[in-house]
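Below is one structure, written out as structure tokens; comments come after it.
Chain letters run A, B, ... following the sequence lines, proteins first, then strands; residues in each count from 1.
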2 protein chains.
Amino acid sequence: MARRSSDPARVREKILKLAMEEFARTGFDGARVDRIAERSKVSKNMLYYYFKSKEGLFVAALERMYEEVRDQQRELSVRAHDPILAMRQLVEHTFQALESNPNAIRLMNEENKQRGRFLRKSKRIRDLYNPLVETISFILERGRVEGVFRPALDSAVVYMTLSSLCYHYLSNRYTLEIALGKDLASAASRKTWVEHVGNIVLLYCTAEVPSTTAPKTAVMRQRATSDADA
Amino acid sequence: MARRSSDPARVREKILKLAMEEFARTGFDGARVDRIAERSKVSKNMLYYYFKSKEGLFVAALERMYEEVRDQQRELSVRAHDPILAMRQLVEHTFQALESNPNAIRLMNEENKQRGRFLRKSKRIRDLYNPLVETISFILERGRVEGVFRPALDSAVVYMTLSSLCYHYLSNRYTLEIALGKDLASAASRKTWVEHVGNIVLLYCTAEVPSTTAPKTAVMRQRATSDADA
DNA sequence: AGCCTTGTTAACTATTCAGTTAACTGTCAT
DNA sequence: ATGACAGTTAACTGAATAGTTAACAAGGCT
């Protein structure tokens, strides 16, 4: 026994991956250290060897998740296009990113449930900037210069608006379905919602540059295709 | 021992109240039956006597929470006023209701985390309709008749929009603060955000009734006071 | 060759937790 | 009055859980 695996880094990595799954699936309190060990096919003490405690492992999982999200958002480069199209693509990208990474939503929810107590423990996470906000700034500036967006738009507000609308739809699917008696899981519902989010964000960005009516017309031309509305 | 309390209903009620606290604070997995019993100052078996199991207690707590939320929303009667003002008041009310009832947010989050598994167990909850959607319908209709809102607005979409924007701000405060490096807890931030949500929703409701420009002007007059934006 | 360091296992421990049991106590209908 | 029933308690049980220990195995350094 105690045979040496070829590659310790890989073992650590495997534990981390399985931990992310477990923590995302069940939350911190629901997660079972034994289960993570079993699934990683290493002895439980390995988790303690590499991560020191259940909390240590959770923080490591969170950090990794944030890094993955950042990398995913870095890959986005809608920057080339016209601002209205770019903003619409950014909304779509944001929604798709969240949709395709449910673990990220669940881990963030867990973190909020714990009132940010784990975030406080990780300088690493606190230092991880969010490239999405920069991308938004870029698009807003471009739009302002071209005269399609109003001036003095705050990228943080735009970020919060679009991410709230995308995130909540996915994160609170079950209670929303109860409140509305609608199915939100279907591809059709999702598509309609994403279009709605795009409309809303663009409406906000283009509204009231009182001298120009041109931009608004542009948005609405696109809106026409989508607005049967969920 | 085994002294008889004056009022069994009150005992049951006390257990339920403390259970709501505990489940909201720590989630289902983090909640401790012993702790609820201790705080309710009854023996643990009382919880099992009245609610059968930890799950039974959780479902009862959820049901109660939904009833409270519904009652709270019933009390709202912005119906009298002009539609634009009414919508703005409705947004404010929604935000305040969520803000003043953090347990509700936490229990709903828990329910979503569990993929609606407890909702499925409670016909009671599934039958609890949400009066807010009706109120929105009412305001939208009024607005349509008066020509300030566009026709064919879907109340469910308006509901999802405003509740996402209010809920997410409160529910995901910690991760949002990390992403943006801003304080969202201050009264000032909250006020600005609520105004922003009002603006966005009204923008959506009033946009593109192409013949009339009057309503838009009305919205914007109000917006002027608020839009330093978060 | 020998030994220190890193990686690894299996078995153990102490505690915590959901749920159970058995006994007891007032109250109310007969 | 009496006995069934609803309400209540304290103590118990068995399983699960986070974390620990001791021993050991393979490379690399001297």
Side-chain angles (χ1 to χ4, degrees), chain A residues 1-62 107 110-111 113-114 117-118 121, chain B residues 1-62 107 110-111 113-114 117-118 121:
Chain A
M1 303 140 200
R3 255 270 250 341
R4 201 106 182 234
S5 100
S6 48
D7 188 349
R10 193 159 351 221
V11 170
R12 204 194 120 105
E13 196 57 23
K14 199 196 252 174
I15 294 170
L16 194 51
K17 271 301 182 230
L18 275 296
M20 288 171 74
E21 293 255 311
E22 175 79 3
F23 284 125
R25 199 168 51 90
T26 63
F28 182 78
D29 291 316
R32 295 296 165 244
V33 174
D34 287 288
R35 197 153 38 198
I36 298 170
E38 198 190 359
R39 299 204 177 153
S40 321
K41 279 174 284 196
V42 293
S43 77
K44 181 164 52 153
N45 192 39
M46 285 289 87
L47 320 199
Y48 289 92
Y49 181 71
Y50 285 120
F51 302 100
K52 185 174 127 257
S53 65
K54 190 183 181 184
E55 289 212 358
L57 185 50
F58 184 79
V59 171
L62 258 195
L107 285 174
E110 184 64 19
E111 180 48 29
K113 169 173 143 191
Q114 305 269 355
R117 106 176 209 249
F118 294 110
K121 289 187 185 164
Chain B
M1 305 143 201
R3 253 271 249 341
R4 199 105 183 231
S5 101
S6 48
D7 187 350
R10 190 157 355 217
V11 170
R12 204 194 119 103
E13 196 58 23
K14 199 197 253 177
I15 294 170
L16 194 51
K17 273 296 182 235
L18 273 296
M20 286 172 74
E21 291 255 313
E22 175 79 3
F23 283 125
R25 200 168 50 89
T26 63
F28 181 78
D29 290 316
R32 294 296 164 243
V33 173
D34 287 286
R35 197 154 39 198
I36 298 170
E38 197 190 1
R39 299 206 177 150
S40 320
K41 279 176 281 195
V42 292
S43 78
K44 181 164 52 154
N45 191 39
M46 285 288 87
L47 321 200
Y48 289 92
Y49 181 71
Y50 285 119
F51 301 100
K52 185 173 127 261
S53 65
K54 190 184 180 183
E55 288 211 358
L57 185 51
F58 184 79
V59 171
L62 256 194
L107 285 174
E110 184 64 18
E111 181 48 29
K113 169 173 143 190
Q114 305 268 355
R117 107 176 207 250
F118 294 110
K121 289 188 185 164

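- When the salt bridge (Lys or Arg N to Asp or Glu O under 4.0 Å) test is applied to A:Lys41, no partner is found at least two apart in sequence or on another chain.
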Acceptor/donor pairs from residues 14-33 of chain A side chains to any protein atom, 3.5 angstrom cut, sequence neighbours excluded:
{"unit_1": "A:Lys17", "atom_1": "NZ", "unit_2": "A:Glu68", "atom_2": "OE2", "d": "2.6"}
{"unit_1": "A:Glu22", "atom_1": "OE1", "unit_2": "A:Arg25", "atom_2": "NH2", "d": "2.8"}
{"unit_1": "A:Glu22", "atom_1": "OE1", "unit_2": "A:Arg35", "atom_2": "NE", "d": "3.4"}
{"unit_1": "A:Glu22", "atom_1": "OE2", "unit_2": "A:Arg32", "atom_2": "N", "d": "3.0"}
{"unit_1": "A:Glu22", "atom_1": "OE2", "unit_2": "A:Arg35", "atom_2": "NE", "d": "2.8"}
{"unit_1": "A:Glu22", "atom_1": "OE2", "unit_2": "A:Arg35", "atom_2": "NH2", "d": "2.8"}
{"unit_1": "A:Thr26", "atom_1": "OG1", "unit_2": "A:Glu22", "atom_2": "O", "d": "2.8"}
{"unit_1": "A:Thr26", "atom_1": "OG1", "unit_2": "A:Ala31", "atom_2": "N", "d": "3.1"}
{"unit_1": "A:Arg32", "atom_1": "NH1", "unit_2": "A:Asp29", "atom_2": "O", "d": "3.0"}

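- Looking at residues two or more places apart in sequence or on another chain, you find a salt bridge (Lys or Arg N to Asp or Glu O under 4.0 Å) between B:Asp34 and B:Lys44.
- Distance, A:Phe51 CZ to D:dG19 P: 14 Å, rounded to whole Å.
- For B:Glu110, the side chain to side chain donor-acceptor pair (under 3.5 Å) criterion is met by B:Gln114, not counting sequence neighbours.
- Residue B:Tyr49 contributes atom OH, which lies 18 Å from atom P of C:dC24 at whole-angstrom precision.
- Contact annotation for A:Tyr50: backbone-only contact, meaning every heavy-atom pair under 4.0 Å involves sugar-phosphate atoms and none involves a base.
- Under the rule for a side chain to side chain contact (heavy atoms under 4.5 Å, CB included), the partners of B:Ser53 that lie at least two apart in sequence or sit in another chain are B:Glu55.
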**Q.** Nucleic acid footprint by protein, nucleotides 15-22 of chain C - heavy-atom cut-off 4.0 Å, B for base, S for sugar-phosphate alone
**A.** --SBBBBB

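- Following rounding to the nearest Å, B:Met46 (CE) and D:dA6 (P) show an atom-to-atom distance of 13 Å.
- Stem analysis of DNA chain D (Watson-Crick or G-U pairs, both distances under 3.5 Å, runs of at least three) returns C:1-30 with D:1-30.
- Minimum heavy-atom separation, B:Arg117 to B:Glu111: N-OE2, 3.5 Å.
- The list of ring pair (Phe, Tyr, Trp, His ring centres under 6.0 Å) pairs with a residue in residues 30-51 of chain A, not counting sequence neighbours, is empty.
- Applying the salt bridge (Lys or Arg N to Asp or Glu O under 4.0 Å) rule to B:Glu13 yields the partners B:Arg64; only residues at least two apart in sequence or on another chain are considered.
- In this structure, A:Lys41 places its NZ atom 17 Å from C1' of C:dT9, rounding to the nearest Å.
- Distance B:Asp7 CG to C:dT27 C1': 14 Å, rounded to the nearest Å.
- C:dG7 atom P lies 15 Å from atom CG of A:Leu47, rounded to whole Å.
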